[in-house]
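What follows is a short report on a single structure.
A, B, ... follow the sequence lines: proteins, then strands. Residue 1 opens every chain. Every value quoted in this text rests on a predicted model; they were computed, and no experiment measured them.
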Number of protein chains: 2
Amino acid sequence: MVSVRADARRNRDRIVEVARGLFRAKGYDAVSMDEVAKAAEVGTGTLYRHFPTKEELYDAVLEAWADRVNGAVDRALSLDAPARERLLAWLRDFAGMLTEHKGAAARITAALGDASSPFAAKCQTYLGANERIIEGLASAVRPGVEAMQISRLVGGAAAVADSSDLSPDALASMLEIVADGLLVPEGANLADR
Amino acid sequence: MVSVRADARRNRDRIVEVARGLFRAKGYDAVSMDEVAKAAEVGTGTLYRHFPTKEELYDAVLEAWADRVNGAVDRALSLDAPARERLLAWLRDFAGMLTEHKGAAARITAALGDASSPFAAKCQTYLGANERIIEGLASAVRPGVEAMQISRLVGGAAAVADSSDLSPDALASMLEIVADGLLVPEGANLADR
DNA sequence: AAATATACGGAGAGTGTCTCCGTTTTGCAA
DNA sequence: TTGCAAAACGGAGACACTCTCCGTATATTT
């Protein structure tokens, strides 16, 4: 009983590789499954046996993301800079990863609360990353701020930037506003709130 | 010159009315044009002559919005409350209108920079409203904040809340973060309270 | 080499948006 | 009132998607 036939593995790998290229070039929505099948030189039936939905295919395309996400958190937290800069470094990376493939930010962000989504594992990674950020920045973060809120706010901003083809600068300026909303104001007395 | 035939006007009005009911009940994406045509008892050809795209139909469904938007601005600005409360009152109304029909927030927000969108006029209304808010709250708003940024941030948050079926409270808590990011931190400027 | 489990591939079902064009209705004019 | 263009109607169907079914081909085992 050999678990996986050799041709199956070969096809699967080629599909993922080809799909990654297409998604990167054209964005999620603009790539059809027929197109992926044709480019990978398999029948649509084969494609759909390996990946029952387009989202599951996309999930397979994003493989090393957990590492990349956690790496970005490490990098941001280890910066020798004020909390605002460290937070912004992370938010920019976070948003950057979400907008890496056109059309993906909205999808991934929408899956944040959905445990049955193919992206559920990725979402957990994001939530965990934002939890680490909250902990890492400690008292610089306003009390009551939750990882889910950060994920949703940044995901929402990234989705808008993505769908409107905003420049990285325009997105960054939105992230600055979010960052200011997340952090305790400098020099202000928090007890008032 | 009787520009419009009576049957045409009757059909158009009935289509808009029926479509509004369907969009409200099921959300933008879940309503098909065939469904609208059937419910309005016209052929699809008739539907499409009146509204060449689904978005144009949706635009016709949102008719009195300019007034509603400006009314919400007036109401918020005339509140006898701190700047943060007045801003939040507006943001909640703004987000509430965007999430009125499921699936609409993302579409409308994505159109913010697109002059050729059917929603362009609505977007201008929103931008103008946010400009009025910035002016109305005067020095309580952080310098450099633009109406477009507010529109996009709130639109993004509303789109996420919409696609994830968040509770109004969850959305409100996100808006509070945005509000804190938009306003000069308390203690730095008490004049406007 | 035969047998069997596994994978392949592509036609086509189902569902959308939107178009084309023959038919019907309407409003004006004689 | 009746006739006649112009305007509007309606629905079949083109086209694009995602995804399914199932007969055929291939890999692995014995």
How about [X] and [Y]: does a side-chain donor come under 3.5 Å of a side-chain acceptor?
| X | Y | answer |
| --- | --- | --- |
| B/Asp162 | B/Thr99 | no |
| A/Ser173 | B/Gln149 | yes |
| B/Asp114 | B/Ser116 | yes |

* Hey, which sits more toward the 5' end of DNA chain C by its nearest nucleotide, B/Arg10 or B/Val31? => B/Val31
* Residue mapping more 5' on DNA chain C - nearest nucleotide basis, B/Asp7 or B/Ala30 -> B/Ala30
* Asked: Looking only at atom types and distance, does a side-chain atom of B/Asn70 sit under 3.5 Å from a main-chain N or O of B/Ala66, one as donor and one as acceptor?
  -> yes
* Asked: Got a donor-acceptor contact below 3.5 angstrom from the B/Arg86 side chain to the B/Leu77 backbone?
  -> yes
Can you tell me how far [atom2] of [N] sits from [atom1] of [X], to the nearest Å?
| X | N | atom1 | atom2 | value |
| --- | --- | --- | --- | --- |
| A/Leu47 | C/dA7 | CG | C1' | 14 Å |
| A/Asp29 | C/dG16 | CG | P | 17 Å |
| A/Tyr58 | D/dT18 | OH | P | 15 Å |
| A/Glu41 | C/dG10 | CD | P | 11 Å |
| B/Leu57 | C/dG16 | CG | P | 16 Å |
| B/Ile15 | D/dA8 | CD1 | C1' | 11 Å |

* Asked: Which nucleotide in the list C/dG9, C/dC8, D/dC9 gets nearest to the side chain of B/Asn11?
  -> D/dC9
Listing time: all N or O pairs from protein to nucleotides 19-23 of chain D that are below 3.5 Å?
residue: D/dC19; atom: OP2; partner: A/Lys54; partner atom: N; Å: 3.1
residue: D/dT20; atom: O4; partner: A/Thr44; partner atom: OG1; Å: 3.4

* NA contact type, A/Ala37, heavy-atom cut-off 4.0 Å: base, sugar-phosphate, or nothing? -> nothing
* How would you label the contact of B/Val36 with the nucleic acid (heavy atoms, under 4.0 Å): base, sugar-phosphate, or nothing? -> nothing
* Ignoring backbone atoms, test whether B/His50 places a side-chain nitrogen or oxygen under 4.0 Å from the OP1 or OP2 oxygen of D/dC9. => yes
* Asked: Can you find a donor-acceptor N/O pair under 3.5 angstrom joining the side chain of B/Arg5 to the base of D/dA7?
  -> yes
* Yes or no on salt bridge (charged side-chain N to carboxylate O under 4.0 Å, His left out) for A/Asp29 and A/Lys102, after CA distance, side-chain angles and deciding distance? -> CA-CA 8 Å; A/Asp29 292 325; A/Lys102 200 156 171 40; over 6 Å; no
* Asked: Can you list every pair that meets salt bridge (charged side-chain N to carboxylate O under 4.0 Å, His left out) and has a residue in residues 67-79 of chain B, with sequence neighbours left out?
  -> B/Arg68-B/Glu100, B/Asp74-B/Arg132, B/Arg75-B/Asp93
* Can you find a pair of side-chain heavy atoms, one from B/Tyr58 and one from B/Phe119, that are under 4.5 Å apart? -> yes
* Asked: Are B/Leu112 and B/Thr109 close enough that some pair of their side-chain heavy atoms sits under 4.5 Å apart?
  -> yes
Would you tabulate the pairs of protein nitrogen or oxygen atoms and nucleotide nitrogen or oxygen atoms of nucleotides 2-4 of chain C closer than 3.5 angstrom?
none

